[in-house]
Chemist: 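Mind having a look at this structure? Questions to follow.
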Amino acid sequence: MMKTLKINCLLYVLIVLCLFSTLTFAEDSLKSKIDSMFLIASSGDFKFRDLVQPTMDDIAAIGVEAAPYLIDRLGTEDARERVTLRQIFQKIGTPAVPLLNDALLETDSLQLSRVALILYYLPDGSSVDNLMKVSDKEYYWARYQVMRALGKIGDMKARPTIEKALQDSIELVRTMAAVAAGRIDAVTFFPELVNALSDNYYGVRMAAIEELKKLDCPAKLKLLPLAMSAAETEIPRNLLLSIMASDSCVYDLQTLRPLLESSDPVTQSLALRTMAKGEGMKIINEFAESFTAFDNLLLQQTIKELTESYETKKTLTNP
């Protein structure tokens, strides 16, 4: 009885070892296969040019089983390889997302930044929690790519993370945080985007402007004049005015009229452009006659451009 038991145990151990060896061999075989294919897929050699795309398709066809080996390669210094990896992951698509989500918590900061970049191209709500967990990595490019991915996914759950990133010490991270805020919901993030107009880095200011421009007219009419009136310095005020001047919305004249008497010609010019959308030549002529507009080259040019524009419209309407 004891002898039989020992034999059974030995057989069990041998079976387990065989299975382990088989699995290890299969894994090694798959890894070798993917390594060989990847050399062709990422090659810049002329002789492989017709094989690059088909080989990428073949790797992608392996599916999620290929993903761990591809993730291991994300630390590469070769730019062509990085682009190839991204393209293959895009071809694999959503099935690769869970493994990429796990990789956010398991890879170093360099690889993590590249995982986050791939998740930007494969936006999925399941990635939000892990992206938020790694949003404060020391490597700034990881934080930048995390913001980029969160903005693409567009889940309001990430709001606290975006708000924190808008105060980041690195200007590029703040810039991408402003973009993410606008993509998630520019109305909800309106106070933060207005604050970003006072950032000392122009990229952050420009990103905030571009996101605020995307608001529809009802939102702009409700929010922009109030924010413009509350602005404490000329920079955010004029940036808000530049949005108002360049869109097709017609704003309340009473909020804008005091700005025509500003000591800043830029403010005067932008206010005039904004008001002219609703008042046309009436306000242009009034401004030209009542203020010292012609003492300033910018204001002269503004009046000239607006006058020519309305004369052209009149000619086209009544030829």
Side-chain angles (χ1 to χ4, degrees), residues 23 26-28 30-42 52-53 55-162 164-165 168 170 172-173 176-177 179-181 183-184:
L23 290 172
E27 288 180 3
D28 290 343
L30 179 59
K31 181 180 184 304
S32 297
K33 178 181 178 181
I34 291 173
D35 287 345
S36 299
M37 295 169 72
F38 188 77
L39 286 175
I40 297 173
S42 60
V52 169
Q53 286 299 326
T55 306
M56 279 199 284
D57 292 338
D58 289 341
I59 297 175
I62 297 173
V64 292
E65 291 182 1
Y69 306 106
L70 299 174
I71 290 171
D72 286 343
R73 285 183 166 273
L74 286 173
T76 178
E77 296 180 1
D78 189 285
R80 184 183 292 275
E81 290 186 358
R82 294 199 297 272
V83 172
T84 301
L85 288 164
R86 174 177 61 77
Q87 291 175 338
I88 294 172
F89 271 111
Q90 285 182 263
K91 290 176 182 291
I92 296 173
T94 303
V97 169
L99 289 174
L100 291 166
N101 291 343
D102 291 341
L104 287 171
L105 306 181
E106 298 168 356
T107 55
D108 61 34
S109 292
L110 177 61
Q111 285 179 288
L112 186 157
S113 67
R114 294 167 182 174
V115 171
L117 172 62
I118 294 169
L119 289 173
Y120 167 82
Y121 289 99
L122 296 173
D124 191 285
S126 66
S127 305
V128 173
D129 287 340
N130 281 5
L131 284 167
M132 291 172 63
K133 289 177 183 177
V134 297
S135 63
D136 58 354
K137 288 291 182 178
E138 185 175 354
Y139 181 42
Y140 80 93
W141 198 243
R143 303 199 300 276
Y144 175 93
Q145 294 295 358
V146 166
M147 289 303 108
R148 193 179 182 199
L150 287 173
K152 186 69 173 289
I153 295 168
D155 193 327
M156 188 56 72
K157 183 195 298 186
R159 183 175 185 178
T161 300
I162 303 297
K164 182 178 179 181
D168 198 278
I170 302 297
L172 291 179
V173 178
M176 188 49 64
V179 173
R183 287 179 175 174
I184 293 174

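In what follows, residues are counted from 1 in the order of the sequence shown. Atoms considered below: every heavy atom in the structure, side chains included; atoms not considered: hydrogens, waters and symmetry mates.
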Chemist: Do the non-hydrogen side-chain atoms of Arg148 and Leu117 ever get within less than 4.5 Å of each other?
Modeler: yes
Chemist: Validate the cation-pi geometry between Lys152 and Tyr120: distance from NZ or CZ to the six-membered ring centre under 6.0 Å, angle to the ring axis within 45°.
Modeler: yes
Chemist: If I compare all heavy atoms of Ile92 with all of Gly63, which pair ends up nearest, and what's the gap?
Modeler: CD1-O, 3.8 Å
Chemist: Looking only at heavy atoms, what is the nearest atom pair of Lys157 and Asp129, with distance?
Modeler: NZ-OD1, 3.2 Å
Chemist: Working to the nearest 0.5 Å, report the span between CG of Asp58 and CD1 of Ile88.
Modeler: 10.0 Å
Chemist: Counting C-beta onward and ignoring hydrogens, is there a side-chain heavy-atom pair between Leu105 and Val134 closer than 4.5 Å?
Modeler: yes
Chemist: Any idea which heavy atoms bring Asp136 and Lys133 closest together, and the distance?
Modeler: OD1-O, 3.8 Å
Chemist: Within the structure provided, determine whether Arg114 and Ile118 are in side-chain contact (heavy-atom separation under 4.5 Å).
Modeler: no
Chemist: Would Ile62 and Glu65 count as a side chain to side chain contact (heavy atoms under 4.5 Å, CB included) here? Give the steps.
Modeler: CA-CA 6 Å; Ile62 297 173; Glu65 291 182 1; 4.1 Å; yes
Chemist: Shortest non-hydrogen contact from Ala67 to Leu99?
Modeler: CB-CD1, 3.5 Å
Chemist: For the pair Leu119 and Leu131, evaluate side chain to side chain contact (heavy atoms under 4.5 Å, CB included) and give the outcome as yes or no after the intermediate values.
Modeler: CA-CA 9 Å; Leu119 289 173; Leu131 284 167; 4.3 Å; yes
Chemist: Do Met147 and Ser135 have side chains that get closer than 4.5 Å, going by heavy atoms?
Modeler: yes
Chemist: With rounding to the nearest 0.5 Å, note down the distance linking OH in Tyr69 to NZ in Lys33.
Modeler: 12.0 Å
Chemist: In plain terms, say whether Asp57 and Lys91 are close enough for a salt bridge, that is, a side-chain N and a carboxylate O under 4.0 Å apart.
Modeler: yes
Chemist: Locate the shortest heavy-atom distance separating Thr55 from Met37; write the atom from each residue and the value.
Modeler: CG2-O, 3.1 Å
Chemist: Taking C-beta and beyond as the side chain, do Ser113 and Tyr144 meet within less than 4.5 Å on heavy atoms?
Modeler: no
Chemist: Rounded to the nearest 0.5 Å, what separates atom OH in Tyr139 from atom CG in Leu110?
Modeler: 5.5 Å
Chemist: Can you measure from CG (Leu112) to CG (Leu104) and round to the nearest 0.5 angstrom?
Modeler: 5.0 Å
Chemist: So that I can tick it off, tell me whether Asp78 and Arg82 are bridged by a salt bridge, with the cut-off set at under 4.0 angstrom between side-chain N and carboxylate O.
Modeler: no
Chemist: What heavy-atom pair brings Ala41 and Met56 nearest, and what distance separates the two atoms?
Modeler: CB-CG, 3.7 Å
Chemist: State, with a plain yes or no, whether a side-chain heavy atom of Thr84 is found less than 4.5 Å away from one of Val52.
Modeler: no
Chemist: Could you measure the distance from the OG1 atom of Thr76 to the CD atom of Gln111? Nearest 0.5 Å is fine.
Modeler: 10.0 Å
Chemist: Looking at CH2 of Trp141 and CG of Leu172, how far apart are the two atoms once the value is rounded to the nearest 0.5 Å?
Modeler: 6.5 Å
Chemist: Can you check whether Phe38 reaches Glu81 side chain to side chain, under 4.5 Å on heavy atoms?
Modeler: yes
Chemist: Checking side chain to side chain contact (heavy atoms under 4.5 Å, CB included) for the pair Leu74/Leu85: CA distance, chi angles, key distance, verdict?
Modeler: CA-CA 7 Å; Leu74 286 173; Leu85 288 164; 3.7 Å; yes
Chemist: Check the surroundings of atom CD in Gln90: do more than 12 heavy atoms from other residues, nucleotides or ligands lie under 6.0 Å from it?
Modeler: yes
Chemist: For Ala158, does its backbone N or O pair with a side-chain atom of Asp155 as donor and acceptor, under 3.5 Å?
Modeler: no
Chemist: Can you check whether Ala165's main-chain N or O pairs, donor with acceptor, with Arg143's side chain at less than 3.5 Å?
Modeler: no
Chemist: Salt-bridged, Asp35 to Arg73, with N to O below 4.0 Å?
Modeler: yes
Chemist: Counting C-beta onward and ignoring hydrogens, is there a side-chain heavy-atom pair between Ser126 and Asn101 closer than 4.5 Å?
Modeler: yes
